[in-house]
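Below is one structure, written out as structure tokens; comments come after it.
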There are 2 protein chains.
Amino acid sequence: MSKNPAPLPFDLKSLEVFLAICETGTMSAAARALGMTQPAVSQSIADLEQSLGLKLLDRDVRPLAVTVAGGLLRQRAGALIGEARQIAPMLRQTEHGKLPIIRVGLVDSLTRALTEPLANYLATIADEVSILSGLTALHAGDLLTRRLDLFLGVDDLETWTGLERWQFAKEPYCLLLPESLKAPRTVSELKKLAEAQPLIRFSARSQTGLQIDAHMRRLGLSPPRTMEFDSPYAVTAMVAAGRGFAITTPLCVVEAAIPGAPITTAKLPGPQVSRTLTLVARHRELGRIPRDLSDLARKSLDQATSSK
Amino acid sequence: MSKNPAPLPFDLKSLEVFLAICETGTMSAAARALGMTQPAVSQSIADLEQSLGLKLLDRDVRPLAVTVAGGLLRQRAGALIGEARQIAPMLRQTEHGKLPIIRVGLVDSLTRALTEPLANYLATIADEVSILSGLTALHAGDLLTRRLDLFLGVDDLETWTGLERWQFAKEPYCLLLPESLKAPRTVSELKKLAEAQPLIRFSARSQTGLQIDAHMRRLGLSPPRTMEFDSPYAVTAMVAAGRGFAITTPLCVVEAAIPGAPITTAKLPGPQVSRTLTLVARHRELGRIPRDLSDLARKSLDQATSSK
DNA sequence: GGCCTACTATAAGTAAAGCTTATAGAGGCC
DNA sequence: GGCCTCTATAAGCTTTACTTATAGTAGGCC
């Protein structure tokens, strides 16, 4: 528990002293510039050299020269202090309770149902709101590399640590058929259907597609991979056009929003499987926002599906 | 002189404490993880909040929640500390007296004379050496944006501060003529020559070309802009091919390295002008390296021109 | 509600860090 | 050499940061 990964060998103050020496060229001038005395500067820099175990200044020449390591430290320390100086003003922007910006990933199949409520809520907590629809796999990468603050999708990234997860919906996979077709009631009827009609697939790039593929294998089904799509709309539209049947979820059908389409959903024969929709964020970075957002998502989805 | 641009409202230590709280979820656990006592953590964070003038933690709920500002600080502080941790190991790489990498810009007209000696020397002070030949104007931009560590060229960037400059050569502009032509001895003879023969120009993208153009205007000459080139080799080769005459410098002719070419140099009539070759680096970042390099450049050029 | 547990805040004392003044030594310049 | 300006070291002091001790508070459990 108490593993100390080596304490930092400097603090920002001593870096500022070092930079002042670099800029003025002498310790005395640096001391004047910083409003301290010359011995304080001398000691500070001696301590810094000691804790780094490196000489930073070449005291044999006048004016003082920096060593190789000193030059490198000057570069990096300058950058570090520059960034540090930006932090406080940025925090102050949040004083009226708003973040400067919040970036949210939203899985395609929830775009229609959630974009508006999410955006309305997020606008109350951030000055700039960015909602990016797409595949959860891409959002996951963006979250881990800090290009996103959180995402709502179908992968909870359970293999990663340092994340917080809020489940806000769970829905069964179901069959989606043209109205003209009769729904299979057993696995063997489903097999027959799959031989007679092409399966319109979600692509294996999407998490949903992967889960459906895995379930099909469990059922012993391996229909040919003839048509696959990334978007819920595309899958639904193809079924509505009578081009085949699909395995999908209620929310995906809602997402497609094709009113009056000649389609019908049916229970998937065999063991039930469902997908869980999860909000994922880096642990504790956003306070209560993730929890509030998942509550909002749950409520919004209840409304969207009940009014259907 | 003693303008203090507001001292930083935190040091790295207090950020580490804050991050530990974020990770563990409680101050007590953070204290254990950091090997300090709980009141120390409590005070540290209270001081941090005070000096920022912001609440970072929401103490009304358990487990502790971060505020909006706290979440933002966690992001930025995490990044800052991550960078800080990289600095010391990087400096240690220089312990054997070598930089991890050094990137040098070299004006085209010195490429032939200086590439080898520079590279040999730089290899002794850096593990990785990058010498980029090109126009000084481009190198200047790269230096200011830290894509280069220093450059050797014909512009000392006098309008910029925070740079150090080392002059290592000065050479007069001179005429370069095909052997078949007689050298003009007066400005009026030069004028006649310019009417009879095209002037092969250095392009106005190059500093040398600009200086030559300016001098021509001072002399009251404005020959048509028929042929212009970026590279010293191109200018010299065109003169050698009898396509006209040029105003250039001894080092540019050396650079072209066209042995036995039917060309001759001559003093430029009228007031003498010369160009100064300067090494420019960000002030004090590289210790004695810029001085040593300019000495080396001076010696190498002496050899190159005397052996000519 | 009342009790228990685990947490946080405050107070007072202490140890350590950092700063100041005073002074000695060293390099550059006339 | 003599002078000026710089840096390093020493001794004392101030401030900071930490510790122990203790009081207060939220949440879980009966």
Side-chain angles (χ1 to χ4, degrees), chain A residues 1-2 4 7-67 70 284 287-288 291, chain B residues 1-2 4 7-67 70 81 283-284 287-288 291:
Chain A
M1 173 60 57
S2 71
N4 239 3
L8 286 165
F10 47 75
D11 58 19
L12 295 178
K13 177 84 191 173
S14 59
L15 293 186
E16 281 189 306
V17 170
F18 177 66
L19 288 178
I21 295 176
C22 290
E23 270 152 41
T24 59
T26 77
M27 295 198 196
S28 305
R32 284 190 293 274
L34 294 171
M36 40 201 298
T37 58
Q38 172 267 317
V41 169
S42 177
Q43 276 192 40
S44 171
I45 207 70
D47 292 349
L48 181 59
E49 287 181 323
Q50 166 126 26
S51 58
L52 283 171
L54 292 164
K55 281 267 159 279
L56 299 173
L57 298 174
D58 183 355
R59 294 160 172 80
D60 295 341
V61 295
R62 208 117 75 176
L64 237 46
V66 295
T67 62
R284 318 191 109 257
R288 42 180 298 150
R291 173 203 289 261
Chain B
M1 172 59 58
S2 72
N4 241 2
L8 286 165
F10 48 74
D11 58 21
L12 294 178
K13 177 83 191 174
S14 60
L15 294 186
E16 281 189 304
V17 170
F18 177 66
L19 288 178
I21 295 176
C22 290
E23 271 152 38
T24 59
T26 77
M27 296 198 195
S28 305
R32 284 192 293 274
L34 295 171
M36 41 201 296
T37 58
Q38 170 268 317
V41 169
S42 176
Q43 275 191 41
S44 171
I45 209 70
D47 292 348
L48 181 60
E49 287 182 323
Q50 167 126 30
S51 58
L52 283 170
L54 294 163
K55 281 265 159 281
L56 299 173
L57 296 174
D58 183 357
R59 293 154 170 86
D60 295 340
V61 295
R62 210 116 77 176
L64 238 46
V66 294
T67 63
I81 294 219
H283 190 44
R284 319 193 109 256
R288 43 181 297 150
R291 173 203 288 262

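Keep in mind that the numbers below use all heavy atoms, side chains included, and drop hydrogens, waters and symmetry copies. Chain identifiers are assigned alphabetically (A, B, ...) following the order of the sequence lines, protein sequences preceding nucleic acid strands; residue numbering begins at 1 within each chain.
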Value in whole Å for how far the [atom2] atom of [N] lies from [atom1] of [X]:
{"X": "B/R32", "N": "C/dA6", "atom1": "CZ", "atom2": "P", "result": "10 Å"}
{"X": "B/L57", "N": "D/dT25", "atom1": "CG", "atom2": "C1'", "result": "16 Å"}
{"X": "B/Q38", "N": "D/dT25", "atom1": "CD", "atom2": "C1'", "result": "13 Å"}
{"X": "A/K13", "N": "D/dT16", "atom1": "NZ", "atom2": "P", "result": "11 Å"}
{"X": "B/L12", "N": "D/dA17", "atom1": "CG", "atom2": "C1'", "result": "16 Å"}
{"X": "B/I45", "N": "C/dT10", "atom1": "CD1", "atom2": "P", "result": "14 Å"}
{"X": "B/D58", "N": "C/dT8", "atom1": "CG", "atom2": "P", "result": "13 Å"}
{"X": "A/I21", "N": "D/dC6", "atom1": "CD1", "atom2": "C1'", "result": "12 Å"}

Handout entry: Nucleotide nearest B/S28 (side chain, heavy atoms from C-beta), chosen from C/dT20, C/dC7, C/dA9
Key =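 When the side chain of B/S28 is considered, C/dC7 is the closest of C/dT20, C/dC7, C/dA9.
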Exercise for the section: Scan residues 36-49 of chain A for pairs that pass salt bridge (Lys or Arg N to Asp or Glu O under 4.0 Å), counting only residues two or more places apart or in two chains. Expected result: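 For residues 36-49 of chain A: A/E49-A/K55, A/E49-A/R59.
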Exercise for the section: Considering just the side-chain nitrogens and oxygens of A/T37, establish if one lies under 4.0 Å of OP1 or OP2 belonging to C/dC19. Expected result: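 So the side-chain polar atoms of A/T37 never come under 4.0 Å of the phosphate oxygens OP1 or OP2 of C/dC19.
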Practice task
Please determine if a side-chain N or O atom of B/S42 lies less than 4.0 Å away from the OP1 or OP2 oxygen of C/dT8.
Solution key: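 The answer is no; no side-chain N or O of B/S42 sits under 4.0 Å from OP1 or OP2.
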Handout entry: Which residue lies more 5' along DNA chain C, comparing A/S44 with B/M27 via nearest heavy atoms
Key =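 Taking each residue's closest nucleotide, the earlier one in sequence belongs to B/M27.
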Practice task
Mind checking side chain to side chain donor-acceptor pair (under 3.5 Å) for A/S14 and listing every partner two or more places apart, or none if nothing turns up?
Solution key: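 Checked A/S14 against side chain to side chain donor-acceptor pair (under 3.5 Å); matches are A/D11.
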Practice task
Taking side chain to side chain donor-acceptor pair (under 3.5 Å) as the test, write out the residues that go with B/R288, two or more places apart.
Solution key: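 Partners of B/R288 under the side chain to side chain donor-acceptor pair (under 3.5 Å) test: B/D292.
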Handout entry: Check: A/L8 and B/E16 side chains under 4.5 Å, non-hydrogen atoms
Key =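 The answer is yes, as the side chains (C-beta and beyond) meet within the 4.5 Å cut-off.
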Problem - Any A/L57 side-chain heavy atom under 4.5 Å of A/V66 side chain - result: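 Sidechains of A/V66 and A/L57: in contact.
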Handout entry: Closest non-hydrogen atom pair between B/T24 and B/A30, with its separation
Key =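 Looks like OG1-N, 3.4 Å.
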Practice task
Nearest 0.5 Å please: distance from the CG atom of B/L56 over to the CG atom of B/L48.
Solution key: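 Answer rounded to 0.5 Å: 5.5 Å.
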Practice task
Just report the end-to-end axis angle for the helix from C/dG1-D/dC30 to C/dC30-D/dG1, five pairs per end, to 10 degrees.
Solution key: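 The end-segment axes of the helix from C/dG1-D/dC30 to C/dC30-D/dG1 are tilted 30° relative to each other.
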Distances under 3.5 Å between nitrogen or oxygen atoms of protein and nucleotides 11-18 of chain C:
none

Name the atoms and distances for all side-chain donor-acceptor pairs under 3.5 Å in residues 36-44 of chain A, with sequence neighbours left out.
none

